[in-house]
*Asks:* 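Take a look at this one; I'll ask things after.
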There are 4 protein chains.
Amino acid sequence: MPKDQTAIHPRKRPRQARAAATFDAILEAAARILEKDGFDSVNTNAVAELAGVSVGSLYQYFPTKESILAELVRFYRNVLKEKVESAVAWGMDKTLEETIDLLLDAAVSHQLERPELALALEQVESILPLDNETLALTQTMVDNVEMLLSAHNVSNPGETSRDIVALARGIVDAAGLAKEIDQAAIHRRVRRAVFGYLS
Amino acid sequence: MPKDQTAIHPRKRPRQARAAATFDAILEAAARILEKDGFDSVNTNAVAELAGVSVGSLYQYFPTKESILAELVRFYRNVLKEKVESAVAWGMDKTLEETIDLLLDAAVSHQLERPELALALEQVESILPLDNETLALTQTMVDNVEMLLSAHNVSNPGETSRDIVALARGIVDAAGLAKEIDQAAIHRRVRRAVFGYLS
Amino acid sequence: MPKDQTAIHPRKRPRQARAAATFDAILEAAARILEKDGFDSVNTNAVAELAGVSVGSLYQYFPTKESILAELVRFYRNVLKEKVESAVAWGMDKTLEETIDLLLDAAVSHQLERPELALALEQVESILPLDNETLALTQTMVDNVEMLLSAHNVSNPGETSRDIVALARGIVDAAGLAKEIDQAAIHRRVRRAVFGYLS
Amino acid sequence: MPKDQTAIHPRKRPRQARAAATFDAILEAAARILEKDGFDSVNTNAVAELAGVSVGSLYQYFPTKESILAELVRFYRNVLKEKVESAVAWGMDKTLEETIDLLLDAAVSHQLERPELALALEQVESILPLDNETLALTQTMVDNVEMLLSAHNVSNPGETSRDIVALARGIVDAAGLAKEIDQAAIHRRVRRAVFGYLS
DNA sequence: GATGAATGAGTCTTCATTCAT
DNA sequence: GATGAATGAAGACTCATTCAT
């Protein structure tokens with residue numbers, strides 16, 4: 001429910017190694033607190049302490065609490081984005097089925113690596129006033145799937161890609177919430193839903 | 001990420017008409033703030049003010065802020081639960097297809113009546129330490145679908161029902177987030193995914 | 001540390017039997033809460049509930065919370081006052097030793113009947129802005145002892161009576177705090193201190 | 001009437017000079033309010049304001065209001081404890097009478113330096129859920145007197161020391177309440193009671 | 001009279017953010 | 001640059017007291 005315009009970007013990207021380490025430590029600390037205790041427990045003092053830096057240092061890199069969480073979203077979405085893009089690139093000369101399997105591997109493993117974190121970050125996305133660029137990262141899955149479907153002449157690729165991504169997310173999220181960990185089983189079930197929808 | 005045991009139940013259910021009005025006004029005010037400004041903006045002073053009652057009155061009925069939101073979850077889940085149960089009861093001597101259509105009507109219309117609220121309440125469910133009884137309300141959809149599938153001899157009804165509900169929720173949530181309002185269109189797409197999965 | 005002038009008296013003394021019962025029930029409820037949970041837990045809602053009356057009724061009899069506690073002090077001090085006065089009256093033609101023993105019986109048994117309450121009421125006395133009349137009740141012991149000592153030609157009866165009462169209270173309070181219950185033993189020890197002082 | 005387990009210890013002891021000043025200012029402010037307006041007037045906002053610090057700073061050092069008062073008790077009891085211990089140590093090769101005089105000096109002057117505070121702290125002790133360590137400080141007087149009496153072969157030193165301390169406290173408290181300030185006179189009267197008891 | 005729902009000032013406590021050292 | 005002490009606005013909750021029914 002984005003409303004006001006809190007600063008949502010890091011003050012500066014680190015250039016030197018030590019600064020980068022601090023920057024990353026802060027993000028990782030925020031991630032740990034987020035997955036362990038939830039959004040409401042993420043506070044700048046706790047993050048700084050867990051990161052092993054002072055609040056003052058934290059504020060050297062991040063102007064607001066929101067900017068930390070937004071950057072975390074960016075980081076994780078970016079990892080997924082790259083997996084997805086390379087899967088689609090790789091799949092351009094493969095069958096639709098093969099490529100979708102690769103995409104699902106990417107999506108399922110990404111979600112299940114740190115399932116609590118993945119879930120929490122979805123919450124953060126819906127709470128934070130993210131900018132378009134950041135929201136676009138989340139949109140990546142959909143866009144790439146749409147490209148893929150278009151390339152394979154699937155009809156109505158826009159709506160179809162949105163629905164496929166949505167239903168896949170629905171099943172994977174539910175599995176994450178239910179603490180399921182068998183990625184192969186989840187993959188199989190999502191696959192069934194996706195190809196069912198496409199058929 | 002339920003952790004501690006905050007009080008999560010109303011202090012007392014209203015007996016008199018005046019009290020019932022206050023009780024309901026508080027829930028409705030919380031719902032309005034939730035759908036308009038999000039979880040973090042729900043604070044007891046704001047809720048009391050919008051409800052047109054004093055904080056003191058609010059605390060006569062609800063021992064904690066959380067208990068208000070939990071009761072809101074209960075209320076809305078209960079509405080859905082009843083729709084779903086009557087749909088399944090009605091459908092016992094109908095075809096699977098007819099019944100699922102009825103269920104999807106219930107689910108889609110429930111979600112789209114107040115889409116922001118529906119989305120926000122899902123967040124609330126994941127944030128609040130709800131008790132089993134309350135969580136069970138949410139489970140209702142799954143249980144009823146499982147009964148239905150069993151009655152129609154669908155194989156592996158447990159997993160199947162969970163997945164169907166999850167994927168439907170995925171598509172409907174995404175539609176809600178995207179501010180889609182054409183219920184028939186959403187119904188059609190969910191239907192496609194559900195029957196695709198079942199086939 | 002009496003400061004401002006909160007109303008400290010009942011609104012009216014009950015005339016009819018039913019009213020007297022309510023009045024007493026309120027005092028007894030306050031006493032129970034006081035001895036069980038301490039000064040800070042005495043609140044008008046709790047007192048009314050334990051007394052089995054509505055807050056509204058409570059405020060018919062007592063204009064403020066303080067007036068309840070003040071009346072409780074009055075009531076208990078009055079019981080002691082009467083015991084003490086009759087002991088002194090009885091002792092006018094007895095030996096000093098016999099009379100003091102009777103006084104100590106009164107004092108020790110009064111303190112040990114409801115030891116937690118007795119202790120709590122001493123606290124209340126020091127916290128509440130009691131009026132002179134009420135404080136005078138507490139003064140009764142001292143005044144009567146002074147009369148007694150004068151009648152027996154003890155020198156400096158003013159200071160002596162104050163000290164005797166104070167040291168007796170010191171020992172009895174400590175015994176109460178230590179949850180001692182053997183009244184005879186406590187009596188013996190106080191006696192020793194009193195006659196030691198007098199000798 | 002200790003019931004629940006509120007945090008009763010400082011969050012951290014100050015390390016730097018500035019921090020120590022803040023810490024002490026908070027304790028002194030609490031002491032001032034306590035002796036001037038009583039227990040019920042000690043609230044964190046008032047303490048912070050009188051200490052000349054922000055509430056936030058107060059809560060850096062003290063996790064709860066209770067922890068401030070508990071620390072105040074610790075501080076003052078510790079001062080007395082040290083006086084008493086050195087008096088007893090000094091008196092080991094002196095007569096009982098000389099040593100008791102020294103002890104009474106310590107006790108009387110300690111109580112009369114800030115008589116309102118001393119009285120209020122006794123109340124605090126009975127209200128707060130102090131831990132054993134803190135309560136033991138108060139017990140120090142008794143233990144030391146017992147050692148002293150044993151060393152001088154007084155019979156039944158346990159009970160005797162408890163009673164002596166109790167009666168002395170009774171007289172000194174009463175003197176404090178009566179706003180007496182002549183320490184020599186009070187000393188003389190307590191002395192009379194103590195040696196009377198011992199004889 | 002009795003009832004108990006309603007009021008709101010008053011308190012405790014947290015946490016994002018600043019800034020002196 | 002880094003540190004962490006300090007700030008204070010904001011929010012949860014209590015309880016003495018009033019008043020409509």
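The figures here come from the full heavy-atom set of this structure, side chains too, leaving out hydrogens, waters and symmetry mates. Naming: A, B, ... by sequence-line order, numbering from 1 per chain.
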*Asks:* According to the ring-ring contact (aromatic ring centres under 6.0 Å, His included) rule, which pairs have a member within residues 27-59 of chain D, sequence neighbours left out?
*Replies:*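 Sorted result for residues 27-59 of chain D: empty, none.
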*Asks:* Counting primed atoms plus P, OP1 and OP2 as sugar-phosphate and everything else as base, spell out the protein contacts along nucleotides 5-13 of chain F at 4.0 Å heavy-atom distance: B, S or - for each nucleotide, 5' to 3'.
*Replies:* BBBB--SBB
*Asks:* Roughly, in whole Å, what's the span from CZ in A:Phe39 to P in E:dA16?
*Replies:*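 Between P of E:dA16 and CZ of A:Phe39: 10 Å.
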*Asks:* So with a 6.0 Å cut-off around CZ of A:Arg32, is the heavy-atom count from everything else above 12?
*Replies:*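 Counting other residues, nucleotides and ligands, CZ of A:Arg32 stays at 12 neighbours or fewer.
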*Asks:* Compare all side-chain heavy atoms of B:Ser67 with those of B:Phe62 and state whether any distance is below 4.5 angstrom.
*Replies:*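 SC-SC contact between B:Ser67 and B:Phe62 confirmed.
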*Asks:* Does any part of the side chain of A:Ser126, heavy atoms only, come nearer than 4.5 Å to the side chain of B:Leu119, both counted from C-beta?
*Replies:*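 Counting from C-beta outward, B:Leu119 and A:Ser126 never come under 4.5 Å.
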*Asks:* Specify the residues of residues 68-76 of chain C, ordered by number, for which at least one heavy atom lies under 4.0 angstrom from an atom of DNA chain F.
*Replies:*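 Here the set is empty: none.
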*Asks:* With a 4.0 Å cut-off on N to O distance, would you call B:Glu116 and B:Lys36 a salt bridge?
*Replies:*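 No.
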*Asks:* Taking a pair as Watson-Crick (N1 to N3 plus N6-O4 or O6-N4) or G-U wobble (N1-O2 and O6-N3), both under 3.5 Å, which stems of 3 or more consecutive pairs involve DNA chain E?
*Replies:*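 DNA chain E stems, ordered by first number: E:2-21 with F:2-21.
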*Asks:* Expressed in angstrom and rounded to an integer, what is the separation of C:Glu49 atom CD from E:dT3 atom P?
*Replies:*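 Atom-to-atom, C:Glu49 to E:dT3, this comes out as 13 Å.
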*Asks:* Please report the interatomic distance CG(B:Leu128) to OG1(B:Thr6), rounded to the nearest 0.5 Å.
*Replies:*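 If we round to the nearest 0.5 Å, B:Leu128:CG and B:Thr6:OG1 are 7.5 Å apart.
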*Asks:* Provide the full list of salt bridge (charged side-chain N to carboxylate O under 4.0 Å, His left out) pairs with a residue in residues 64-78 of chain B, sequence neighbours left out, each pair given once.
*Replies:*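 Counting only pairs at least two positions apart or across chains, the salt bridge (charged side-chain N to carboxylate O under 4.0 Å, His left out) contacts touching residues 64-78 of chain B are B:Arg13-B:Glu71, B:Glu71-B:Arg74, B:Arg77-B:Glu125.
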*Asks:* Side-chain contact test, heavy atoms from C-beta onward, threshold under 4.5 Å: evaluate it for C:Leu72 versus C:Val124 and give yes or no.
*Replies:*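 They are not in contact (no side-chain heavy atoms under 4.5 Å apart), so the answer is no.
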*Asks:* Between D:Val47 and D:Val53, is the side chain to side chain contact (heavy atoms under 4.5 Å, CB included) condition met? List the steps.
*Replies:* CA-CA 9 Å; D:Val47 170; D:Val53 303; over 6 Å; no
*Asks:* Can you tell me which residue pairs pass the side chain to side chain donor-acceptor pair (under 3.5 Å) test with a partner in residues 40-58 of chain D, sequence neighbours excluded?
*Replies:*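 Listed by first then second residue: D:Ser54-D:Ser57.
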